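All of these numbers come straight from a predicted model, not from anything done at the bench. Side chains included, hydrogens not; waters and symmetry mates left out as well; all remaining heavy atoms used.
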Amino acid sequence: MFTNDKFIPFNFNMPIYNWFYPVSFKEIDIDRQTIESILSQDVERVSNRSLYFHIPFCQDICSFCPFTREVLHDEKILDRYVDALISEIQFKAKFMYVSNKPITSIFFGGGTPSIMKPSHIKMIGQAIKDNFDLSELKEFSFEMNAKTATIDRISALKEIGVTHGRMGVQTFNPEYRDIFKLTATIENIYDGAKLLNNNFDYVCIDMLYGMHGQTLGDIIKDLKQARQLGTSHMDVYPINNGVIQKSLQDEYTKKHYTVTNGLNKYLYNVAIYEYLDKNGFKPHNGHGYYRCSDNSSSGDFVNDKYTFQYHESVYGYAGHEVIAFGAVGYSVLNEYVISNQANIKKYIDILEKGELPIAGIGVYPKSLTEIRGIVLHLPYHGVAYKDKINFQYINDELSSKIKQLIDAEMVVEHEDRIALTKLGWYNYVNLLYFLSPESEQDALMKYVRNANVYNEYISNLDF
């Protein structure tokens, strides 16, 4: 597993990059009483709670996108979906008021949330305000497409309290934009970024790298143009070939593009960091950067001047929860995972009948929750504070892994925290996998094999 190489420490590179935790859990029977009991359970341990809203409609279907979505052909279905979403908010909030836990962050993802009309945005925003305690809200993020970033929508977002605008760019390269089915023009992108910058202090764009056939020169050109948009934040993701559509794979084949293997993706990530660092961007998690003129921080490699609050819940400590709304919403509540109906029409129909759109409930051992600080927060956010971890759940195996990472100079231990070095940050995805218990590793490798991306995983074995 370790190479004893001081620059490339692992003999593998995971071909998937972020995943829900835990992957392995036991399914239990679904009934209204069980659901209500889970939603209203004793949550003294809860210290961070976020809301996620999924809007599964788009103007176009991007060929790299893995998420549940469909092209919006009929405005009436969007009207019904918004009504159904509000019904779900009202139902879940009835029981979650029992816990009296304020919401720390809100995230609207998709799909394309900005496909909604301003009236839809205001309706959902009012429902959130009416049903949840927002007194401790730190962040309200909303994803947009450049073509749907308009003045009237921005006005509605500000009215409901959105603080962070997010816009997908992915690439400026015309060839990749074509095979990705990205129909926003470069002019749309610059106009959208300008509008968001003028209305929000926090604006993040998404960029992709590691596509088949892409060169390092292509990546640097993309980053240069991305910087020129003037946004405060930038997320730079490696593409996940396990979830791309067949149409994209066919385009790769037709153009005779070869797979960007794991070793090259690793080296690209190193180059991305060096380029952005030299141009005033600092990492705040595994793939997120923000403009930073002030270098003062805790002294750890991952700068602590900014934290993406929603991901503090998704990749957080024990007691960090996500409550999801909408088709295919995936909630994590203590030792339970609750998945919503993935089929959009069924989701709407169920809520219109006054029933719950729950498709599955899973339960997993408390120990998997209690080690989240080490398994998730440390590799993803770059640090794990010891006072937020119950060390009685850190068994000998996990302790040994931490020591191995310290010896390999990927992790450093301080009196109050454990933190990543630069080398550890370069390998954050591998650390997510390495620190996971065997049950999680087995489930992840089953996914990797089924997704036919195993060759990417082993692509630097011969280094």
Side-chain angles (χ1 to χ4, degrees), residues 39 49-59 67-97 102-135 137 139-145 147-167 192 195-196 199-200 310 322-331 340-341 343-358:
L39 292 178
R49 175 171 278 174
S50 295
L51 306 181
Y52 173 78
F53 296 89
H54 190 69
I55 310 299
F57 300 104
C58 298
Q59 292 176 322
F67 303 111
T68 298
R69 72 273 186 263
E70 65 180 38
V71 174
L72 181 65
H73 295 294
D74 183 358
E75 290 287 341
K76 292 181 180 178
I77 193 73
L78 181 55
D79 293 337
R80 290 177 62 203
Y81 185 85
V82 168
D83 288 341
L85 196 64
I86 291 171
S87 295
E88 187 184 2
I89 291 170
Q90 293 168 340
F91 176 83
K92 285 185 174 177
K94 274 194 311 183
F95 298 99
M96 308 205 81
Y97 262 137
I103 304 304
T104 52
S105 71
I106 300 171
F107 190 96
F108 273 71
T112 307
S114 58
I115 203 169
M116 292 190 293
K117 293 179 285 191
S119 58
H120 292 144
I121 294 169
K122 293 177 184 178
M123 288 166 59
I124 297 173
Q126 189 61 53
I128 294 170
K129 290 178 182 178
D130 289 345
N131 289 280
F132 288 101
D133 181 353
L134 304 183
S135 63
L137 188 67
E139 170 191 284
F140 191 156
S141 296
F142 196 97
E143 289 187 336
M144 306 194 79
N145 179 288
K147 294 192 299 183
T148 52
T150 59
I151 290 289
D152 55 350
R153 288 189 175 97
I154 296 291
S155 177
L157 295 180
K158 293 175 73 174
E159 184 176 322
I160 69 170
V162 170
T163 58
H164 290 53
R166 304 180 67 89
M167 186 175 74
L195 185 60
L196 290 171
N199 284 277
F200 299 105
Y310 173 65
V322 176
I323 302 104
F325 303 84
V328 84
Y330 191 89
S331 301
N340 277 2
Q341 172 61 244
N343 182 282
I344 298 168
K345 185 178 183 302
K346 288 182 179 178
Y347 169 83
I348 295 171
D349 289 344
I350 289 169
L351 279 157
E352 287 180 343
K353 293 175 183 176
E355 300 173 1
L356 291 168
I358 306 301

Who pairs with [X] by side chain to side chain donor-acceptor pair (under 3.5 Å), at least two apart in sequence or on another chain?
{"X": "E352", "answer": "R80"}
{"X": "N340", "answer": "E88"}
{"X": "K345", "answer": "D349"}
{"X": "S114", "answer": "T148"}

Hey, what do you get for [atom1] ([X]) to [atom2] ([Y]), rounding to the nearest 0.5 Å?
{"X": "F200", "Y": "M144", "atom1": "CZ", "atom2": "CE", "value": "7.0 Å"}
{"X": "L85", "Y": "L351", "atom1": "CG", "atom2": "CG", "value": "8.5 Å"}
{"X": "I128", "Y": "I160", "atom1": "CD1", "atom2": "CD1", "value": "6.0 Å"}
{"X": "K94", "Y": "N131", "atom1": "NZ", "atom2": "CG", "value": "10.5 Å"}
{"X": "H120", "Y": "I115", "atom1": "NE2", "atom2": "CD1", "value": "10.5 Å"}
{"X": "T112", "Y": "I55", "atom1": "OG1", "atom2": "CD1", "value": "10.0 Å"}

Work out which heavy atom in [X] is nearest to a heavy atom in [Y]; give both atom names and the distance.
{"X": "I106", "Y": "L137", "answer": "CG1-CD1, 3.8 Å"}
{"X": "Q341", "Y": "Y347", "answer": "CG-N, 3.7 Å"}
{"X": "A149", "Y": "L195", "answer": "O-CD2, 3.4 Å"}
{"X": "Y330", "Y": "V322", "answer": "O-CG1, 4.4 Å"}
{"X": "S331", "Y": "K92", "answer": "OG-NZ, 4.0 Å"}
{"X": "C58", "Y": "G111", "answer": "SG-CA, 3.5 Å"}

| message | Does L51 form a side chain to side chain contact (heavy atoms under 4.5 Å, CB included) with I89? I'd like the steps, not just the answer. | response | CA-CA 10 Å; L51 306 181; I89 291 170; over 6 Å; no
| message | Checking K158 now: which residues fulfil salt bridge (Lys or Arg N to Asp or Glu O under 4.0 Å) with it, not counting sequence neighbours? | response | none
| request: For E159, enumerate each residue passing the salt bridge (Lys or Arg N to Asp or Glu O under 4.0 Å) test, keeping only those at least two apart in sequence or located in another chain. | output: K122
Please tell me if the side chains of [X] and [Y] come closer than 4.5 Å, counting only heavy atoms from C-beta onward.
{"X": "E143", "Y": "F107", "answer": "yes"}
{"X": "I121", "Y": "F108", "answer": "no"}
{"X": "Q90", "Y": "D130", "answer": "no"}

| said: Strictly below 4.0 Å, N to O, side chains only: are D152 and K117 in salt-bridge contact? | reply: no
| request: Could you go through the side chain to side chain contact (heavy atoms under 4.5 Å, CB included) check for F140 and L134 one step at a time? | output: CA-CA 10 Å; F140 191 156; L134 304 183; over 6 Å; no
| task | Without swapping roles, check the side chain of E139 against the backbone of H164 for a donor-acceptor pair under 3.5 Å. | result | no
| Going through the checks in order, is the side chain to side chain contact (heavy atoms under 4.5 Å, CB included) test met by R153 and F142? | CA-CA 11 Å; R153 288 189 175 97; F142 196 97; over 6 Å; no
| Going by the angle between their ring planes, with limits at 30° and 60°, are F57 and Y81 parallel, tilted or perpendicular? | perpendicular
